[in-house]
Amino acid sequence: MKENAKLQVTILGLGYIGLPTAALIASKGITVHGVDVNRTVVDTINKGKIHIVEPDLEGLVHFAVRKGTLVASQKVRPSDVFLLAVPTPFKKNHQPDLSFVEKATRMLLPQLKPGNLFIIESTSPVGTTEKMARMIFKERPELKGKIHIAYCPERVLPGSVIYELQQNDRVIGGIDAASTDAASQFYSRFVRGTLHKTNSRTAEMTKLVENAYRDVNIAFANELSVICDKAGINVTELITLASKHPRVKILQPGPGVGGHCIAVDPWFIVSAFPEESRLIRQAREINTHKTTWVLSKIREAARAFQKKHGRQAVIACMGLAYKPDIDDLRESPALDVYTHLEQEGCSVMAVEPNIRKHPQLAITDTLRAVREADMLVYLVRHKEFQGLQTDGKIVLDFCGAMGF
Ligand SMILES: NC(=O)c1ccc[n+]([C@@H]2O[C@H](COP(=O)([O-])OP(=O)(O)OC[C@H]3O[C@@H](n4cnc5c(N)ncnc54)[C@H](O)[C@@H]3O)[C@@H](O)[C@H]2O)c1
């Protein structure tokens with residue numbers, strides 16, 4: 001393949017995954033055309049600014065745009081490499097929605113030429129890469145055997161994306177061996193982690209399995225928390241003690257599972273293999289049900305308060321993000337709990353130490369909430385909640401924030 005300075009890469013989808021990837025590749029002197037259907041995203045990036053929160057990203061984007069190695073646009077241009085990082089949500093019935101991947105593939109189809117490499121990074125159901133290959137060759141049969149097509153899943157941690165993009169191992173699966181080799185060569189230009197070669201179906205399943213594994217393990221902790229509640233056992237103490245076993249490591253329970261990966265990706269396995277994926281489906285259902293259970297426990301405590309004091313309890317929802325120590329509210333079960341309570345007419349405070357201001361939520365300062373609320377409902381194990389003085393308050397801890 002060409003040397004970096006002569007290589008042209010087009011990345012479709014400039015969100016949490018596509019933009020850091022584009023900026024990192026551009027920082028290596030490779031020319032990157034970033035394509036997004038959202039005009040505001042394109043304009044923001046071309047000003048050297050960013051529309052998402054991610055440490056170190058703005059500097060990298062600013063540098064690449066000023067140097068001219070990163071240009072954003074709504075149009076696809078000819079390139080050597082095309083990389084897809086568009087959304088793959090699920091539909092109402094938990095079936096994967098591939099419309100973004102299909103649309104983006106159709107957008108780049110007219111620009112494909114022999115020698116090109118086409119990579120999908122969007123989390124996808126097994127067989128998606130082959131499906132897109134069939135679509136490409138149906139429309140452009142002359143390209144059969146002349147382009148490379150591969151799948152390479154992304155597994156970065158929000159908040160450490162720039163570091164992990166370079167350091168994480170990558171799994172790379174082509175639709176044939178030549179495609180796998182071509183994609184591996186491309187990633188070796190900016191990834192320092194080990195590149196593991198496989199086929200596209202295995203690479204697709206690897207990503208889904210990683211998140212299903214997390215989901216199943218969280219479901220175990222969530223199920224334990226419900227059992228312990230009934231048994232009168234402190235689940236945090238139980239998990240700490242059981243994890244003293246040299247081969248046992250139990251995760252922390254919470255009010256459910258959030259974010260746009262762990263709560264979504266297992267469904268891509270379940271929808272394709274409904275008969276065979278009983279544990280994975282059960283884990284999804286346990287984690288979804290946990291939010292309902294948490295709400296019922298809060299309502300029960302609020303009713304008892306009302307009966308005793310003759311007035312409504314002031315409830316502080318401690319933490320709204322979908323996991324500890326971040327500000328991301330996407331698909332957050334903690335936010336769900338807050339929203340339900342608010343809609344039901346409860347007197348409820350939104351406490352999220354990682355967010356200072358929010359357009360729709362009135363955020364209450366942590367110490368003020370501890371002072372003024374009657375009930376402290378811990379939903380996220382943020383470090384700011386450790387060691388708070390909560391004497392005299394009703395405390396419901398659904399995430400082990402209080403220890404034991
Ligand atoms: N965010 C993560 O932490 C993470 C981690 C691993 C994998 N993933 C996967 O990566 C993919 C992208 O996720 P994300 O979080 O970056 O999504 P995102 O919503 O942040 O960004 C996607 C971008 O794609 C754009 N887009 C939609 N259709 C397009 C099209 N046809 N052409 C060009 N742009 C288009 C949208 O406008 C948006 O800016 C998903 O499949 C997701 O599951 C995400």
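Each ligand, and each atom within it, is numbered from 1 in the order the structure gives. Computed from a predicted model, the values in this text were never measured in an experiment.
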Asks: Given the protein's heavy atoms, is any one of them under 4.0 Å from atom 17 (O) of ligand 1?
Replies: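 Protein heavy atom within 4.0 Å of atom 17 (O) of ligand 1: absent.
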Asks: Parallel, tilted or perpendicular: which fits the ring planes of F90 and H94, with parallel below 30° and perpendicular above 60°?
Replies: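 Answer is perpendicular, since the angle exceeds 60°.
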Asks: In the protein, which heavy atom is nearest to atom 11 (C) of ligand 1, and how far is it?
Replies: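 Answer for atom 11 (C) of ligand 1: V86 O, 3.4 Å.
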Asks: Among all protein heavy atoms, pick the one closest to atom 24 (O) of ligand 1 and tell me residue, atom and distance.
Replies: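 Heavy-atom neighbour on the protein nearest atom 24 (O) of ligand 1: G13 CA, 3.3 Å.
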Asks: Does I17, backbone or side chain, put an N or O under 3.5 Å from an N or O of ligand 1?
Replies: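 Yes, I17 has an N/O under 3.5 Å of an N/O on ligand 1.
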Asks: If every non-hydrogen atom of H148 is compared with every non-hydrogen atom of S179, which pair is closest and at what distance?
Replies: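 For H148 and S179, the tightest heavy-atom pair comes out as CA-OG, 3.4 Å.
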Asks: Between K207 and ligand 1, does any nitrogen or oxygen pair lie at a separation below 3.5 Å?
Replies: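 No.
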Asks: If you measure every N or O of N38 against every N or O of ligand 1, does any of those distances drop under 3.5 Å?
Replies: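 Such a contact does not occur with ligand 1.
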Asks: For atom 6 (C) of ligand 1, find the nearest protein heavy atom and state the residue, atom name and distance (0.1 Å precision).
Replies: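 It is E154 O, 3.2 Å.
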Asks: Please work out whether any backbone atom (N, CA, C, O) or any side-chain heavy atom from C-beta onward of S122 is under 4.0 Å from ligand 1, and answer side chain, backbone, both or neither.
Replies: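 For S122, backbone and side-chain atoms both sit under 4.0 Å from ligand 1.
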Asks: With rounding to the nearest 0.5 angstrom, report the CD to CD distance, E130 to E204.
Replies: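 One finds 7.0 Å between CD of E130 and CD of E204.
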Asks: Tell me which part of C261 gets within contact of ligand 1: side chain, backbone, both or neither, using heavy atoms under 4.0 Å.
Replies: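 Side chain only.
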Asks: What about D36: any of its N or O atoms under 3.5 Å from an N or O on ligand 1?
Replies: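 Between D36 and ligand 1 (N or O atoms, distance only) the closest approach is under 3.5 Å.
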Asks: Can you report which non-hydrogen protein atom sits closest to atom 26 (N) of ligand 1, along with the distance?
Replies: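 Residue, atom and distance for the closest contact: V37 CG2, 3.7 Å.
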Asks: Taking the six-membered ring for Trp, are F385 and Y378 ring centroids under 6.0 Å apart?
Replies: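 Between F385 and Y378, the centre distance is under 6.0 Å.
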Asks: Starting from atom 28 (N) of ligand 1, which protein heavy atom do you reach first, and at what distance in Å?
Replies: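 Going atom by atom, the protein heavy atom closest to atom 28 (N) of ligand 1 ends up being F100 CD2, 3.6 Å.
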Asks: Checking side-chain contact (heavy atoms from CB on, under 4.5 Å) against I119, which of Y151, Y187, F82 comes through?
Replies: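 Of the listed options, the one satisfying the test is Y187.
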Asks: Can you confirm, on distance only, whether ligand 1 has an N/O atom lying under 3.5 Å from any N/O atom belonging to Y16?
Replies: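 For ligand 1, there is an N or O atom that lies under 3.5 Å from one belonging to Y16.
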Asks: I need the N4 CG to F190 CZ distance, nearest 0.5 Å.
Replies: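 Here the rounded value is 10.0 Å.
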Asks: Check the pair D43, K47 against salt bridge (Lys or Arg N to Asp or Glu O under 4.0 Å), reporting the backbone distance first and the verdict last.
Replies: CA-CA 6 Å; D43 291 345; K47 285 183 200 142; over 6 Å; no
Asks: Which residue in the set V156, I25, V191, I17 passes side-chain contact (heavy atoms from CB on, under 4.5 Å) when paired with L165?
Replies: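 That would be V156.
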Asks: Only heavy atoms of A85, strictly under 4.0 Å: list the atoms of ligand 1 that pass.
Replies: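 Result: 12 (C), 22 (C).
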Asks: Consider every N or O of T123 and every N or O of ligand 1, then say whether any pair is closer than 3.5 Å.
Replies: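 N/O-N/O distance below 3.5 Å exists for this pair.
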Asks: Nearest protein heavy-atom contact for atom 3 (O) of ligand 1: which residue, which atom, what distance?
Replies: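 Heavy-atom neighbour on the protein nearest atom 3 (O) of ligand 1: H260 NE2, 3.5 Å.
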Asks: Taking all non-hydrogen atoms of both residues into account, name the closest pair between K290 and G256 and its distance.
Replies: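 What the structure gives for the nearest pair is CG-N, 4.0 Å.
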Asks: Would you mind finding which of P153, S124, A104, P87 brings a heavy atom closest to atom 27 (C) of ligand 1?
Replies: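 Considering heavy atoms of P153, S124, A104, P87, the nearest to atom 27 (C) of ligand 1 sits in P87.
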Asks: Any idea which part of P158 is under 4.0 Å from ligand 1, heavy-atom wise: side chain, backbone, both or neither?
Replies: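 Contact part for P158 vs ligand 1: side chain (C-beta onward).
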Asks: Nearest protein heavy atom to atom 31 (N) of ligand 1, by residue and atom, and its distance?
Replies: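 Looking only at protein heavy atoms, the one closest to atom 31 (N) of ligand 1 is M107 SD, 3.4 Å.
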Asks: Verify the distance criterion only: is there a donor paired with an acceptor across the side chains of D169 and H196 at less than 3.5 Å?
Replies: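 Indeed, the side chains of D169 and H196 share at least one donor-acceptor pair under 3.5 Å.
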Asks: For residues G15 and D36, report the shortest heavy-atom separation together with the two atoms involved.
Replies: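 Minimum heavy-atom contact is N-OD2, 4.4 Å.
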